[in-house]
Amino acid sequence: MHVAPNLAVSQEHLPEPEDAPFVQDVAESAAPLAKTASAPELPTQQDLVDIAQSMQANVMARLDEALEERLHYALADMVQLHTQSLYQAIRADVERLVSSAVHDAIAQELAHMRSQTGQL
């Protein structure tokens, strides 16, 4: 069985009566510190309003950054999709126009060649 050590203070470790003024001096010099180190003052209503406004501004700044980034990516995706769609539509129109122009040019050239061979 474990026995707890005896923590009783012997008489030889107690301060002598002549040490009492020193202890009193230390206590008096610490008194102003105790008054200034007391519980912090509660914030005023204006302090709370200022803190709330500061927090709101910080949250909105972070939100703006996040929204801007998401909007950038969303718009980039939309622009890419619309650009591809527009490209395909323009290419189809250009291909149709080029094909029509080539056919017309060939038809004119054939007509011109026929008219020249008929004259000879």
Side-chain angles (χ1 to χ4, degrees):
M1 186 166 172
H2 180 58
V3 177
N6 186 1
L7 299 176
V9 178
S10 67
Q11 289 293 331
E12 61 190 47
H13 292 344
L14 292 176
E16 294 296 322
E18 64 265 5
D19 290 341
F22 173 74
V23 173
Q24 186 177 359
D25 290 343
V26 169
E28 288 173 358
S29 66
L33 292 176
K35 289 179 184 173
T36 59
S38 63
E41 293 181 23
L42 293 175
T44 65
Q45 184 68 25
Q46 185 59 42
D47 291 339
L48 294 175
V49 168
D50 292 344
I51 291 170
Q53 288 175 345
S54 175
M55 289 177 67
Q56 181 181 355
N58 289 338
V59 168
M60 290 307 295
R62 288 184 181 182
L63 183 62
D64 286 343
E65 291 172 12
L67 285 175
E68 184 177 338
E69 183 177 345
R70 286 186 179 194
L71 186 60
H72 173 76
Y73 287 122
L75 285 177
D77 290 344
M78 285 178 36
V79 167
Q80 182 67 27
L81 288 173
H82 286 290
T83 301
Q84 287 175 351
S85 176
L86 187 60
Y87 170 80
Q88 291 171 354
I90 290 172
R91 189 173 193 296
D93 284 345
V94 168
E95 184 177 5
R96 185 178 47 78
L97 290 171
V98 168
S99 176
S100 176
V102 168
H103 286 352
D104 289 347
I106 290 174
Q108 284 179 355
E109 190 62 31
L110 286 175
H112 181 53
M113 288 173 59
R114 284 185 190 145
S115 68
Q116 285 183 348
T117 57
Q119 291 177 357
L120 291 174

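Hydrogens, waters and symmetry mates are skipped; everything else that's a heavy atom, side chains included, is used.
- One hydrophobic cluster, built from ILVMFWY side chains closer than 4.5 Å, cannot hold both Val59 and Leu67; they sit in different ones.
- Summarising the geometry, atom CE belonging to Met60 is positioned 14.0 Å from atom CD belonging to Gln53; distances are rounded to the nearest 0.5 Å.
- Here CG of Asn58 is found 12.5 Å from CG of Leu63. Values are rounded to the nearest 0.5 Å.
- Rounding to the nearest 0.5 Å places CE of Met78 at 8.5 Å from CG of Leu81.
- The local environment of CD in Gln46 is crowded, with over 12 non-hydrogen atoms from other residues, nucleotides or ligands closer than 6.0 Å.
- One finds the CG atom of Leu110 at 5.5 Å from the CZ atom of Arg114 (value rounded to the nearest 0.5 Å).
- Within the model, atoms CG of Leu71 and CG of Asp64 stand 11.5 Å from one another, a figure rounded to the nearest 0.5 Å.
- A continuous path of hydrophobic side-chain contacts links Leu86 to Val94 [ILVMFWY only; heavy atoms under 4.5 Å].
- No side-chain donor-acceptor contact under 3.5 Å links Gln108 and Asp104.
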Stepwise side chain to side chain donor-acceptor pair (under 3.5 Å) check, Gln116 with His112: CA-CA 6 Å; Gln116 285 183 348; His112 181 53; 2.9 Å; yes
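- Clustering ILVMFWY residues whenever any of their side-chain heavy atoms sit less than 4.5 angstrom apart, transitively, puts Ile90 in the very cluster that holds Val98.
- Side-chain N or O atoms of Thr117 include one that pairs as donor or acceptor with a backbone N or O of Met113 at under 3.5 Å.
- The stretch residues 77-100 participates, sequence neighbours left out, in no side-chain hydrogen bond (donor to acceptor under 3.5 Å, both in side chains) pair at all.
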